[in-house]
Each structure stands twice: as structure tokens, then as C-alpha cells.
Amino acid sequence: MLQLSTSKPQSAPRALLQRVVDAIASLAGDRVWARSSGPHVLLGLRGDDCYARVTPLGNGSFGLAFRAVEARSSHTNAWEPLFLVDDLASIVEHALVAVDAIAIDA
């Protein structure tokens, strides 16, 4: 027998880009930009190229990769190995600390 559900569907989770932008705003203000690139979100300092990439890995896990040093000077698309961090807020914080956009508490 078919059953009909009359419950309203849950609202879709916010887009990854918006979640990253919100996390940046709460930690570093407007010093860092974010933009989508396929399934990834790229991060960069204002007026500079991207330096980090956030990648959704599924089940609430995200990967963080940093642009390879040689890629910065040659404008290639090489990335250092991904670091797995489970929650998005932590991964954004790691990316901001890496470029001194925020200070770490001692």
C-alpha cells in the first residue's frame, strides 16, 4: 500500500560557500575572500591569489589543501596533500591561521 507523507521537507543545508564565508567573517573579517570552484571553495587574501582549498568529503568531513609553493610562482594548479579535519569551522580556522589572518591563542 502506498503511503502519502504530508510533512514538509526539511530545508536544504546552506551552500558550502556561504558556510565558509560566514566562518571567515566571524574569525577574520574581510581580510580573506572565498569563491566556489567546482565542488571546492578557494580561499585567498584580499588582492592575492588563492592559497587554500576546502573540499567536502562527505559525512560532514572536509579536506583542506594548501597551494604548492611552486604553484604560486608558476600559476599552476598544484596542491599540497589534503589534511582531514572533521568540522568546517576548524578547517576554516586552520586555513586562516596558516596565512596569519588570525592569531592562535597561546
side-chain contact (heavy atoms from CB on, under 4.5 Å) assessment of Thr55 paired with Phe62:
CA-CA 5 Å; Thr55 303; Phe62 298 89; over 6 Å; no
Specify the closest pair of heavy atoms between Ala23 and Val92, including all atoms of both residues, with the distance to one decimal.
CB-CG1, 3.9 Å
So, the side chain of Asp87 versus the backbone of Ala89: is there a donor-acceptor pair under 3.5 Å, distance only?
yes
Ignoring hydrogens, what is the shortest heavy-atom contact between Ala95 and Ala52? Give both atom names and the distance.
CB-CB, 4.3 Å
Would you check if the side chain of Arg53 reaches a backbone N or O of Phe66 as a donor-acceptor pair within less than 3.5 Å?
no
Note: Ala28 and Ala101 closest approach over all heavy atoms is CB-O, 4.1 Å
If you apply the rule side-chain contact (heavy atoms from CB on, under 4.5 Å), what do you find for Ile24 with Leu43, and how did you get there?
CA-CA 10 Å; Ile24 291 169; Leu43 305 176; 3.6 Å; yes
Examine distances only and state if a side-chain atom of Trp79 and a backbone atom of Leu64 form a donor-acceptor pair shorter than 3.5 Å.
no
Rounded to the nearest 0.5 Å, what's the gap from CD1 on Ile102 to NE2 on His94? Could you check?
9.5 Å
Residue pair Leu16 / Leu88, side-chain heavy-atom distance below 4.5 Å
yes
Pairwise distance CG(Asp49) to CH2(Trp33) - rounded to 0.5 angstrom
7.0 Å
Non-hydrogen atoms of Ala65 and Glu80 that approach each other most closely
CB-O, 3.6 Å
Leu42 vs Val54, side-chain contact (heavy atoms from CB on, under 4.5 Å): CA-CA, chis, key distance, verdict
CA-CA 6 Å; Leu42 303 177; Val54 176; over 6 Å; no
